[in-house]
Visitor: 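Mind looking over this structure? Questions follow.
Because only heavy atoms are used, hydrogens play no part in the values below, and waters and symmetry mates are left out as well, while side chains stay in. Sequence lines set the chain letters: A, B, ... in the order given, protein chains first and strands last, and positions in each chain run from 1.
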Number of protein chains: 2
Amino acid sequence: MSEQKLYHVAVVGATGAVGEQMIRMLESRNFPVGELKLLSSARSAGTKLKFRGREYTVQEAGPDSFEGVEIALFSAGSDVSRKLVPHAAAAGAVCIDNTSAYRMDPETPLVAPEVNPEQIARHKGVIANPNCSTIQMVAALKPLHDRYGIARIIVSTYQAVSGAGARAVTELLRQTEELLAGRKPEPDVLPVSSLPVKHQIAFNAIPQIDKFQDNGYTFEEMKMVNETKKIMGDDSIAVTATCVRIPVLRGHSESVYVELKSDYELDDVRSLLSNAPGITVVDDPASQRYPLATEAEGRPDVFVGRIRRDLTHPRGLNLWIVSDNLLKGAAWNAVQIAETIVNSRG
Amino acid sequence: MSEQKLYHVAVVGATGAVGEQMIRMLESRNFPVGELKLLSSARSAGTKLKFRGREYTVQEAGPDSFEGVEIALFSAGSDVSRKLVPHAAAAGAVCIDNTSAYRMDPETPLVAPEVNPEQIARHKGVIANPNCSTIQMVAALKPLHDRYGIARIIVSTYQAVSGAGARAVTELLRQTEELLAGRKPEPDVLPVSSLPVKHQIAFNAIPQIDKFQDNGYTFEEMKMVNETKKIMGDDSIAVTATCVRIPVLRGHSESVYVELKSDYELDDVRSLLSNAPGITVVDDPASQRYPLATEAEGRPDVFVGRIRRDLTHPRGLNLWIVSDNLLKGAAWNAVQIAETIVNSRG
């Protein structure tokens with residue numbers, strides 16, 4: 001028996017909503033971790049976190065944190081990634097970055113392992129993890145694109161607050177408690193913590209995720225447009241997105257209209273999706289079965305249902321796509337990339 | 001000065017979520033009510049309700065309840081309407097029916113007063129109030145249809161629980177309290193009270209409103225398809241709908257993609273909508289202003305924002321449309337129809 005190589009792994013943003021799930025995924029997937037380094041901002045440094053029953057003290061992340069690190073998972077915001085990823089890469093680590101910092105950089109692979117795993121090999125120290133709302137959509141649409149070609153996507157999202165981090169989760173719970181107690185809540189975090197105007201998220205739907213661009217779309221919406229093209233490797237796919245935050249804790253849902261390039265049979269679409277890696281079809285209207293955010297929570301798959309022929313376009317198709325935004329939308333996709341790297345070195 | 005004629009008005013379903021708002025609208029609009037009769041099921045009969053400071057006892061609705069009634073507002077479910085509307089009409093009342101019972105009947109006008117008020121005059125005792133999710137959409141799209149022609153609509157909804165009645169509101173609040181207290185709630189009402197399977201609505205998004213048809217769409221989705229064509233008086237408009245219940249108490253939101261038949265200027269669209277009756281444009285991304293369910297609550301208008309050119313289709317346009325589903329989506333639209341009738345009698 002050959003001994004398995006163990007890796008020196010760092011998690012940057014270890015105390016955040018995604019960082020916490022990254023640690024859980026490394027654990028549950030039995031990732032070959034030798035040494036583990038948990039890093040965070042100065043504010044959260046000193047926090048104690050458990051991994052495989054052992055307690056780790058979170059340290060402040062800095063340019064010198066990465067000596068000996070072989071795989072670094074980043075989820076501490078774009079500014080932190082822009083500042084520290086170059087140091088980690090220079091120290092020899094492969095950085096898997098969950099922020100938007102490097103996603104559209106032509107030198108950086110943007111990878112959803114179900115879609116374009118072959119891109120991993122061309123990395124130059126950084127592999128970008130796509131945006132949560134993009135990952136689940138491209139994972140579900142890839143088998144359809146391979147078979148029929150996708151001409152056009154029109155997507156409206158129903159996104160959980162955990163996509164905006166742990167503070168947004170606390171905010172939804174606090175606002176909800178206040179409203180149930182008959183008090184008017186003071187919004188403090190959403191829609192965008194760095195912008196001046198805040199809106200109530202409890203019992204509401206906010207059609208703004210991230211800042212607005214001059215074209216009237218938000219950065220989140222344009223991420224879905226641009227990242228989909230890059231991951232699918234096809235600039236001709238037309239994507240229109242409307243991204244909306246709703247009072248859900250975990251699990252993004254998406255109402256997706258797809259226009260295929262060639263005719264399809266609904267049964268073939270079902271069987272393509274049922275056989276696709278990482279996809280679970282939940283689609284039985286007669287027994288009221290369809291994907292639900294609450295049922296996706298804690299599970300790694302992308303769930304697809306409400307699969308139905310568009311009644312107005314011969315090559316139109318409508319889908320309801322749900323996944324745990326902290327897992328497949330973030331931590332699991334990142335660890336999946338790390339697994340692919342490790343296995344290719346096998 | 002001529003004396004204003006006063007009307008004998010009945011509200012059927014007076015103790016329901018919409019019935020209650022109908023009474024409030026009659027009051028706040030100073031509707032010329034002479035006598036008022038509040039009717040309900042046997043279960044709710046005996047309830048005391050106030051109108052203009054006077055207390056009324058709700059009576060059980062039956063075939064003989066409508067003697068002398070001139071205007072009857074129905075919102076007690078389709079079965080009740082099918083059973084009692086013929087009796088009310090035979091007794092001489094004009095019935096304004098908020099259920100789906102008569103909406104697609106070719107003899108019955110289906111009216112959103114901003115869109116097709118001229119249809120009211122052809123009634124034969126019944127005028128149907130459109131479905132809540134349809135009303136706000138057609139009210140916002142009518143000025144665009146008049147000016148450019150609408151070829152196609154793809155809509156995804158974010159619908160409040162009050163659209164499913166007072167029990168669904170109680171259910172959302174109860175489930176939310178239980179979850180905050182760390183208990184797992186037992187769903188009891190949603191998505192469809194008469195169907196066996198129930199799903200959690202608190203902190204969730206349920207892609208089912210009403211029952212499923214054999215084509216994979218729900219009745220709610222097909223209402224948006226068919227009612228839009230009937231109200232607009234144009235069977236050529238292609239409509240695709242995905243209807244979703246989210247944990248909001250009042251106010252339906254809609255992400256709407258519209259494909260126009262001719263080219264448009266974005267400024268013209270804005271000014272058409274700004275000048276349209278019953279429409280309020282809330283659209284200033286720079287100051288994070290867009291329609292929100294919580295801000296629409298209690299207001300009669302349809303709010304439109306996120307007005308932006310589709311980047312993938314030259315005649316495509318994206319909108320975010322929000323309205324109080326109990327007011328413009330139900331009670332206010334019904335009372336508005338009643339006002340039109342009363343005014344036309346001078």
Visitor: So for A/L292, is it side chain, backbone, both, or neither that comes closer than 4.5 Å to the heavy atoms of chain B?
Guide: both
Visitor: Return the option, out of B/P247, B/G216, B/A293, B/P196, with the maximum number of heavy-atom pairs under 4.5 Å with chain A.
Guide: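 Ranked by heavy-atom pairs under 4.5 Å with chain A, first place is B/P247.
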Visitor: Check whether the side chains of B/N131 and B/E220 place a donor and an acceptor atom closer than 3.5 Å, and report yes or no.
Guide: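 There is such a pair between these side chains.
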Visitor: So for A/F203, is it side chain, backbone, both, or neither that comes closer than 4.5 Å to the heavy atoms of chain B?
Guide: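 Its backbone and side chain both get close to chain B.
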Visitor: I'd like to verify something: which residue of B/T294, B/D283, B/L179, B/T218 has the highest number of heavy-atom pairs under 4.5 Å with chain A?
Guide: B/T294
Visitor: If you measure from SG on A/C132 to CG on A/D324, what distance do you get to the nearest 0.5 Å?
Guide: 10.5 Å
Visitor: Which of the residues B/T176, B/V197, B/V322 is involved in the greatest number of heavy-atom pairs with chain A at under 4.5 angstrom?
Guide: B/V197
Visitor: Please classify the contact of A/N215 with chain B as side chain, backbone, both or neither, using a heavy-atom distance under 4.5 Å.
Guide: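 For A/N215, the contact with chain B is made by backbone and side chain together.
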Visitor: With a 4.5 angstrom heavy-atom cut-off, which part of A/V239 approaches chain B: side chain, backbone, both or neither?
Guide: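 Only the backbone of A/V239 comes within 4.5 Å of chain B.
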Visitor: At a heavy-atom distance under 4.5 Å, which candidate from B/V225, B/V161, B/L180 has the highest pair count against chain A?
Guide: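 Between B/V225, B/V161, B/L180, the count favours B/L180.
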Visitor: With a 4.5 angstrom heavy-atom cut-off, is it the side chain or the backbone of A/R250 that approaches chain B, or both, or neither?
Guide: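 No part of it gets close to chain B.
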Visitor: Need one label for A/S287: side chain, backbone, both or neither, based on atoms under 4.5 Å from any heavy atom in chain B.
Guide: backbone
Visitor: Quick check for you: to the nearest 0.5 Å, what is the distance between A/K261 atom NZ and A/R152 atom CZ?
Guide: 13.5 Å
Visitor: Think A/R306 forms a cation-pi with B/F212, using NZ or CZ under 6.0 Å from the six-ring centre and within 45 degrees of its axis?
Guide: no
Visitor: With only heavy atoms counted, which part of B/N204 is less than 4.5 Å from chain A, the side chain, the backbone, both or neither?
Guide: both
Visitor: Under a 4.5 Å heavy-atom cut-off, does chain B meet the side chain of A/D310, its backbone, both or neither?
Guide: both
Visitor: Side chain, backbone, both or neither: which part of A/E221 has a non-hydrogen atom closer than 4.5 Å to chain B?
Guide: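 Just the side chain, heavy atoms under 4.5 Å.
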Visitor: Identify the heavy atoms of B/S100 and B/K223 that sit nearest to each other, and give their distance.
Guide: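 Heavy-atom minimum between the residues: CB-CE, 4.1 Å.
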Visitor: Would you mind telling me which of A/I206, A/L249, A/V244 has the largest number of heavy-atom pairs within less than 4.5 Å of chain B?
Guide: A/V244
Visitor: In Å and rounded to the nearest 0.5 Å, what is the CG to CZ distance from B/D263 to B/R315?
Guide: 6.0 Å
Visitor: Chain B heavy atoms under 4.5 Å from A/I154: which part of the residue, side chain, backbone, both or neither?
Guide: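 Contact with chain B involves the side chain of A/I154 alone.
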Visitor: What distance do B/T134 atom OG1 and B/N226 atom CG have between them, rounded to the nearest 0.5 Å?
Guide: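 If we round to the nearest 0.5 Å, B/T134:OG1 and B/N226:CG are 9.5 Å apart.
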Visitor: Between A/T242 and B/R308, is there a side-chain donor-acceptor contact under 3.5 Å, judged purely by atom types and distance?
Guide: yes
Visitor: Let's test your reading of the structure: which of A/L173, A/L195, A/I246 forms the most heavy-atom pairs below 4.5 Å with chain B?
Guide: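 Between A/L173, A/L195, A/I246, the count favours A/L195.
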Visitor: Could you give the distance from CD1 (A/I307) to CG (A/L273), rounded to the nearest 0.5 Å?
Guide: 5.0 Å
Visitor: Taking the inter-plane angle between the rings of A/H313 and A/Y257 on a 0 to 90° scale, is it parallel (under 30°), tilted (30 to 60°) or perpendicular (over 60°)?
Guide: perpendicular
Visitor: What residue, out of A/G251, A/A205, A/A286, A/P207, has the most heavy-atom pairs lying under 4.5 Å from chain B?
Guide: A/P207
Visitor: May I ask you to name which of B/E295, B/H199, B/R309 has the most heavy-atom pairs under 4.5 Å with chain A?
Guide: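 Looking at each option in turn, the highest pair count goes to B/H199.
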Visitor: Check each atom of A/A296 against the heavy atoms of chain B and say whether the ones under 4.5 Å are side chain, backbone, both or neither.
Guide: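 Neither part, no heavy atoms under 4.5 Å.
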Visitor: For the residue pair B/Y158 and A/Y158, categorise the inter-ring angle as parallel (less than 30°), tilted (30 to 60°) or perpendicular (more than 60°).
Guide: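 Ring orientation of B/Y158 relative to A/Y158: parallel.
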Visitor: Is it true that A/R245 and A/E171 make a salt bridge, defined as a side-chain N closer than 4.0 Å to a carboxylate O?
Guide: no
Visitor: For chain B, find which of A/P285, A/A238, A/P191, A/G316 contributes the most heavy-atom pairs closer than 4.5 angstrom.
Guide: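 The residue among A/P285, A/A238, A/P191, A/G316 with the greatest pair count is A/P285.
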Visitor: Tell me, for A/S253 versus chain B, whether the close heavy atoms (under 4.5 Å) come from the side chain, the backbone, both or neither.
Guide: side chain
Visitor: Any side-chain donor-acceptor pair under 3.5 Å between B/D234 and B/H145?
Guide: yes
Visitor: Ion pair present between B/E177 and B/R174, side-chain N to carboxylate O less than 4.0 angstrom?
Guide: no
Visitor: At a 4.5 Å cut-off on heavy atoms, which part of A/L172 comes close to chain B: side chain, backbone, both, or neither?
Guide: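 For A/L172, the contact with chain B is made by the side chain alone.
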Visitor: For A/P291, which atoms come within 4.5 Å of any heavy atom of chain B: side chain, backbone, both, or neither?
Guide: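 It is the backbone, since no side chain atom gets that close.
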